[in-house]
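Okay, structure first, notes after.
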Amino acid sequence: MCGITGWVSFHHDARTQSPVIGAMTAALAPRGPDAGGVWLGEHVALGHRRLAVIDLDGGTQPMTDRPEEPALVLSYSGEVYNHHELRTELRARGHVFRTRSDTEVVLRAYAEWGEDVADHLVGMFAFAVWDERAQRLLLVRDRLGVKPLFWAAVDGGLAFASEPKALFAHPRIRPRVDADGLREAYSLLFNTGPTVWSGVRETEPGTLLIVDRDGIRHRRYWQLEARDHTDDRDTTVERIRDLVGTAARSRLEADVPLCSLLSGGLDSTVLTALLADELRRREGAQARLRSYAVDYSDQAERFTGDVLRTGHDTPYAAEAGAFIGTEHSTVVLDPHSLLDPEHRRAVVVARDSPIGVGDMDTSLYLLFGEIRAHSTVALSGEAADEVFGGYPWFHNPEALAADTFPWLLVTGDEAAMPLNPELDLRIGEFRADTYRTALAAVPHLDGETPVEHRQREMQHLSLTRWLRQLLHRKDRLSMAHGLEVRVPYCDHRLVEYAFTVPWALKSFDGREKSLLRAIGTGLAPDSVLYRPKNHYPATHHPDYNRGLQNLARDALATAQVRALADETRIKPCLDTPPDRLEWGHRLRLERVVDLALWLDHHQPELAL
């Protein structure tokens, strides 16, 4: 895993801009702590920061197709899990390889297939290829958007980067925020394309950009499709078992220590069991997979359920680890570490955004820091809820009937930091328009029942919007420590197949995630198999709530925060006794604190 950046401009000579590409590349150093490099041509500059995972000695970047007078130059981030098969195919087509890296496979694959290269890749990736012969830059992002890719227009071309902070090291791109950006951030609709930053765009998942003297062109190379599903239940379960197993096994390759995130839920337990079994098959019966969970110092005594959480995770994670036979560890955090201003600032800097989920972000950041002391790669169960129908909104009649994005019934205005009404952002109108646009993009089959029609909408919204912000969160907070997180449930072959499965099969046992539970029999203890859906844990300690209220008061003392926030709606959250502060109101305070940190660090120009 790595960080990529650079630009192409046909109006200027990039060879004189070494300090600029150096600064852009340095901004991504946490993503690639092992090495960095740049490459300069007449009209293009490419930068790369490397986290060495496969072929530690041979994957140096930017990578060229030949040492002298290269025709192709690649800056690549990600992992391609079918690189062994592609290497064999490309060798048969006459290509000669110098390294064992998947990076070189991507480079040679471009040489063979040009802009169709992404069609041949299985994995998570964002990369740039400069084609000297065609005088063309190709930018590609993976199908589900696991790896980030941002860009902004510059004179005669564009600049790109894994994170916006690298773009701001370019002299023509400044951190500027207007009303449209605030609306995008605080509407909680998770559009891909526009960002909070004026002029900075996020490349759509499954999309490529081509930049040449004729301008910038976009092409979508992948999207979800509705197809007839003809497999019966047993065949469907076996197909899911094969797809999940293949995805898990293919993501075990690494030349560095590897571990699994084990929360004690169905998704992570099934994944960890498959990984542990494969590791023992490869390395012997004594091989043990490391697994990690997070907890809070007050959780065992103070846990109380809320709209997202039904139980305390830690006992289930420990039971699952013992059942599977992992080397399991629990990282326990206290209120003081979660409130530490430096930890909170590090999270906001990593995100490049004022929007997060407070202590849940800080705890994930701290968890990843602890994991990085022992492992360079972690595997996560992200996306199983989207793929298999695990969220409450797939099953709640109120959510199914609502004429809006289903997560807004949970987060909505209670969790969104209320903005000053004088800004007149018209977020309600924006949400309604965006919802209609999102539904229009959902593929359907002729003759679908109303139930099937609505469930396909729910799954499409979850996969193309809700999942993207979860992947964004996981990427930024892990890569801030130079930790690579792999997400097997995001394998596009699994996602494509599951999207075709009728809702009756997805819920055949009358519960959420029926198909995943079916393949998990024997892989997980019954207590985990039949446990209700539980979201990422949050602390319940009054000391945390009290400290958060103090941080929010300090944030509101700054003029810029007061200009943006609606103090009349925040004040009741400050006056509530700490032991009675509800989750939604607490998240409102979290957003006030994050806004202050974001403004202080990024110093954006506010054009409101």
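Only heavy atoms go into these numbers, but all of them, side chains included; no hydrogens, no water, no symmetry mates.
Put simply, the side chain of D267 reaches to within 4.5 Å of the side chain of Y489, judged on heavy atoms. Counting only heavy atoms from C-beta outward, the side chains of T376 and L51 approach each other to under 4.5 Å. Residues H535 and P392 are in side-chain contact: their nearest non-hydrogen atoms beyond the backbone lie under 4.5 Å apart. No side-chain heavy atom of V244 sits under 4.5 Å from any side-chain heavy atom of P488. Using a 4.5 Å heavy-atom threshold, the side chains of P257 and H374 count as separate. Between L408 and Y435 the shortest side-chain heavy-atom distance does not fall below 4.5 Å. Looking at N420 and L564, their side chains never come closer than 4.5 Å, going by heavy atoms from C-beta outward.
Salt-bridge formation is not detected for the pair D361/R476: no Lys NZ or Arg NE/NH1/NH2 atom is positioned less than 4.0 Å from an Asp or Glu carboxylate oxygen. A salt bridge between E202 and R141 is present, with a side-chain N of the basic residue lying under 4.0 Å from a carboxylate O of the acidic one. A salt bridge links D352 with K165: the distance from a Lys NZ or Arg NE/NH1/NH2 to an Asp or Glu carboxylate oxygen falls below 4.0 Å. For D594 and R591, the salt-bridge test fails: no basic side-chain N is under 4.0 Å from an acidic carboxylate O. Electrostatic pairing of R31 and D475 counts as a salt bridge here, judged by a charged N lying under 4.0 Å from a carboxylate O.
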Test side chain to side chain contact (heavy atoms under 4.5 Å, CB included) applied to D277 and L523, step by step:
CA-CA 9 Å; D277 285 348; L523 296 175; 3.9 Å; yes
Determine whether L339 and D543 satisfy the following criterion, side chain to side chain contact (heavy atoms under 4.5 Å, CB included), listing intermediate values before the conclusion.
CA-CA 10 Å; L339 291 164; D543 285 353; over 6 Å; no
Salt bridge (Lys or Arg N to Asp or Glu O under 4.0 Å) assessment of R344 paired with E590
CA-CA 10 Å; R344 300 189 70 101; E590 303 272 17; 2.5 Å; yes
Side chain to side chain contact (heavy atoms under 4.5 Å, CB included) between L409 and W393: does it pass, once the steps are laid out?
CA-CA 9 Å; L409 302 179; W393 55 70; over 6 Å; no
Before you tell me yes or no, could you show the steps for K571 and L556 under side chain to side chain contact (heavy atoms under 4.5 Å, CB included), namely the whole-Å CA-CA distance, both residues' side-chain angles and the distance that decides it to 0.1 Å?
CA-CA 10 Å; K571 190 175 186 303; L556 286 168; over 6 Å; no
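One N or O on the side chain of T558 and one on the backbone of A555 form a donor-acceptor pair closer than 3.5 Å. For R183 (side chain) and I427 (main-chain N/O), no donor-acceptor pair under 3.5 Å exists by modelled atom type. D142 places no side-chain N or O within 3.5 Å of a backbone atom of M124 that could act as its donor or acceptor partner.
Considering CG of L467 and CG of D385, their distance stands at 10.0 Å, rounded to 0.5 Å. Rounding to the nearest 0.5 angstrom, the gap separating the CD atom in E605 from the CG atom in D178 is 9.5 Å. The distance from the CG atom of L548 to the CG atom of L338 is 10.5 Å, given to the nearest 0.5 Å. Considering CG of L279 and OG1 of T272, their distance stands at 12.0 Å, rounded to 0.5 Å. In this structure, L275 CG and I324 CD1 are separated by 9.0 Å, a value rounded to the nearest 0.5 Å. Annotation: the span from L379 atom CG to L274 atom CG amounts to 11.0 Å, rounded to 0.5 Å.
For R345, the side-chain contact (heavy atoms from CB on, under 4.5 Å) test picks out E342, V349, L597, D600, H601, with sequence neighbours left out. Under the rule for a side-chain contact (heavy atoms from CB on, under 4.5 Å), the partners of Q469 that lie at least two apart in sequence or sit in another chain are F190, W466. Here Y365 pairs with H481 under the ring-ring contact (aromatic ring centres under 6.0 Å, His included) rule; sequence neighbours left out. Residues meeting the salt bridge (charged side-chain N to carboxylate O under 4.0 Å, His left out) test with R511, sequence neighbours left out: none. When the salt bridge (charged side-chain N to carboxylate O under 4.0 Å, His left out) test is applied to R426, the partners found at least two apart in sequence or on another chain are D424.
Between the side chains of Y536 and S363, at least one donor N or O lies within less than 3.5 Å of an accepting N or O. At a cut-off of 3.5 Å, with distance as the only test, no side-chain donor of D334 or H541 sits close to an acceptor on the other residue. A donor-acceptor contact closer than 3.5 angstrom links the side chains of K506 and Q459. A donor and an acceptor atom, one from each side chain of T314 and D295, are located under 3.5 Å apart. Side-chain polar atoms of Y391 and E386 form a donor-acceptor pair below 3.5 angstrom.
Residues L574 and A552 come closest through the heavy atom pair CD2-CB, 3.8 Å. When all heavy atoms are compared, the tightest approach of R517 to L529 is NE-O, 2.7 Å. When every heavy atom of L516 is checked against every heavy atom of A384, the shortest pair comes out as CD2-CB, 4.1 Å. When every heavy atom of V196 is checked against every heavy atom of P354, the shortest pair comes out as CG2-CD, 4.4 Å. Annotation for A320 and V528: closest pair CB-CG2, 4.4 Å, computed over non-hydrogen atoms. Shortest non-hydrogen contact noted between V357 and L587 is CA-CD1, 3.8 Å.
The only member of H460, R454, Q455 that meets side-chain hydrogen bond (donor to acceptor under 3.5 Å, both in side chains) when paired with E457 is R454.
Annotation: W197 is in aromatic contact with H602 [ring centroid separation under 6.0 Å].
Sorted pairs that involve residues 322-362 and meet ring-ring contact (aromatic ring centres under 6.0 Å, His included), not counting sequence neighbours, are lacking altogether.
For R465 and F405, the positive end is not near the middle of the six-membered ring at less than 6.0 Å and at most 45° from its axis.
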